[in-house]
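Below is one structure, written out as structure tokens; comments come after it.
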There are 2 protein chains.
Amino acid sequence: MRQPGPSHGGRKVAAVADAIADDAPGTGLRTWTAVVAEVTRRIADGEWRLGGIIPSEAELAAEFGCSRNTVNRALRALADQGILERKRRAGTRVRHLPESRASIGIPVVRHLVERRGARYGHHVLEQRAQEPPDAVAASLGLAAGAEALHVTSLHLSDAAPFALEDRWVSLAAVPAAATTDFSAVSVNEWLVRNVPFSTGEIGLSAGAATAEEAARLGCAAGTPVFVEDRVTRLGDSAITVVRTVFAPGYRMRLTI
Amino acid sequence: MRQPGPSHGGRKVAAVADAIADDAPGTGLRTWTAVVAEVTRRIADGEWRLGGIIPSEAELAAEFGCSRNTVNRALRALADQGILERKRRAGTRVRHLPESRASIGIPVVRHLVERRGARYGHHVLEQRAQEPPDAVAASLGLAAGAEALHVTSLHLSDAAPFALEDRWVSLAAVPAAATTDFSAVSVNEWLVRNVPFSTGEIGLSAGAATAEEAARLGCAAGTPVFVEDRVTRLGDSAITVVRTVFAPGYRMRLTI
DNA sequence: GCGGCGAATATGTTTACACATAATGACGTT
DNA sequence: AACGTCATTATGTGTAAACATATTCGCCGC
């Protein structure tokens, strides 16, 4: 019916000021990225009200002169972004408060250090199986009296202390960890490499360095330090619980 | 050729233990979610090595007995998740270090408070146009001497101080902000409601409360506090710069 | 052996069509 | 008026086919 337009390659959603070839809509929005751009523009310009319903896929396809499939791809992308909200028979609405998402590449500490142009190093301070404190046992879902692998290590940035890591690994979930030596590869990286998929929770807070932490990190006791607590799960079973205390001055960067 | 299988509704990626009806593959992976599940399983079970290349879309489609389109949808979803890596002629690989993403619902402070079951309130401490410090002017991309709207406010959780916010809004980017009174609706919410799309950066750190912050937050000077710095942009122009200091004990929670 | 060029190939995208499914809303019954 | 039922409708998904595009690989000439 109409020769297929030029593909735009594997670009992701963004890129607003693009692809809207003509001023008049209806003359050529034949790629899904162009549809994304046009829909985005209409919302930004207030042509479509926040919270309001927008035309159906079929109507938009007719207006833009492309297939419903293409419109579907575009609207789905915007829905994934949290900009639109779609329900089956109810239609598509512009979300009131777009739920922004910040994404962190999960901090493999080595990368944090190397990204700053420093040389990474790490020492294992302690590595042995022992009975974890109650709070940790609860997080790992262990029975009372069960042991877990306890590894404490210090991450270095050009020989200066960078972060102090206190980790418990569930031997029930990851038996192989018991027989691994973590002085060459850090526990973090070993886990990331050997336990493919995981979910979990991260808690971030500010705390005062304890005397021991201060000694390890080379600062005064009581200095404000950035603390990250993380629980990692594979399916239902918790794999590891980590508490990382960063040396003073650390700043975590996220991108929305 | 083969009647279309039952659709599975708008479910998202996850859901591993699902839809794989039979043990023998090749007997019925006709939905993209089922393909996601099977591919996920093969990686988790080590059938496909980390870093290794996997069969092409066409081969998988043939094996699974579905169309290439369906396989494409599934692999694209996994690539979006960071589990696979795809390049045009090179094929699809299992990523070495799956770049996990933690997603934060952007903290509209009111929601943080209400999620804890407390009543939210806020006071505007100061609101006026003035010349921002150099660092802020640079972040906002303002010329030297240009003014911006400065709003400082205190967020309350059940009448207790929760967070102290120090915000600069670019009047060049958001002229309407100059004539708005933010005692009823917080600046944050007003912006979120009136400036639809935005990107930006967030910095998280631990700091010691200054004397003024301590007074406002009701704690001792020097107490470790959690600090969030955020820059929000619309396209190229920066809209607002915020520094939020949370009362001691605050813990930010993220989900991977 | 090296460099450039063209063929082969895997993914990216669009189309047209079909059917599935969830809400909605209209309608008729009680 | 309240309630249940059913047709309608918008989105969700799958299929087959075609073309677009980026790489890679092998071949050829030097």
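Every chain is numbered from 1, with letters handed out A, B, ... down the list of sequences. Values reported hereafter were calculated over all heavy atoms of this structure, with side chains retained and with hydrogens, waters and symmetry mates removed.
Rounding to whole angstrom units, CZ of residue B:Arg30 and C1' of D:dG12 are separated by 16 Å. Distance, A:Asn72 CG to C:dA18 C1': 15 Å, rounded to whole Å. Taking atom CG of B:Leu84 as the reference point, atom P of C:dG12 lies 11 Å away to the nearest angstrom. If you measure from atom CZ of A:Arg73 to atom C1' of D:dT11, you get 16 Å, rounded to the nearest angstrom. Rounded to whole angstrom, the span from the CG atom of B:Asn69 across to the P atom of C:dC17 amounts to 16 Å. Rounded to whole Å, atom P of D:dT15 lies 14 Å from atom CG of B:Leu60. Between the CZ atom of A:Arg76 and the C1' atom of C:dT13 there is a distance of 12 Å, given to the nearest Å.
Applying the salt bridge (Lys or Arg N to Asp or Glu O under 4.0 Å) criterion to A:Glu114, with sequence neighbours excluded, gives A:Arg110. Residues that satisfy the ring pair (Phe, Tyr, Trp, His ring centres under 6.0 Å) test with A:Trp48, not counting sequence neighbours, are absent from this structure. The side-chain hydrogen bond (donor to acceptor under 3.5 Å, both in side chains) search around A:Ser170 returns none, not counting sequence neighbours. Not counting sequence neighbours, B:Thr179 has no partner by the side-chain hydrogen bond (donor to acceptor under 3.5 Å, both in side chains) test. Residues satisfying the salt bridge (Lys or Arg N to Asp or Glu O under 4.0 Å) test with A:Asp45, not counting sequence neighbours, are A:Arg41. Shown here are the salt bridge (Lys or Arg N to Asp or Glu O under 4.0 Å) partners of B:Arg251, two or more places apart in sequence or in another chain: A:Asp229. Remark: B:Arg68 engages B:Glu57 in a salt bridge (Lys or Arg N to Asp or Glu O under 4.0 Å) (not counting sequence neighbours).
The base of C:dG12 sits within donor-acceptor range of the side chain of B:Arg68, with an N or O pair under 3.5 Å.
With distances taken from any side-chain atom of B:Cys66 to the nucleotides C:dT14, D:dT15, C:dG12, the minimum falls on D:dT15.
Between A:Phe246 and A:Phe162, the angle of the ring planes goes over 60°, which puts this pair in the perpendicular group of the 30/60° scheme.
A salt bridge links B:Glu228 to B:Arg230: one of the charged nitrogens lies within less than 4.0 Å of a carboxylate oxygen.
The overall bend of the helix from C:dG1-D:dC30 to C:dT30-D:dA1, read as the angle between its terminal helix axes built from five base pairs each, is 10° when rounded to 10 degrees.
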Taking only N/O atoms, report every protein-nucleotides 6-10 of chain C pair under 3.5 Å with atom names and distance.
from: C:dA8; atom 1: N3; to: B:Arg89; atom 2: NH1; distance (Å): 3.3
from: C:dT9; atom 1: O4'; to: B:Arg89; atom 2: NH1; distance (Å): 2.6
from: C:dA10; atom 1: O4'; to: B:Arg89; atom 2: O; distance (Å): 3.3
from: C:dA10; atom 1: N3; to: B:Arg88; atom 2: O; distance (Å): 3.0

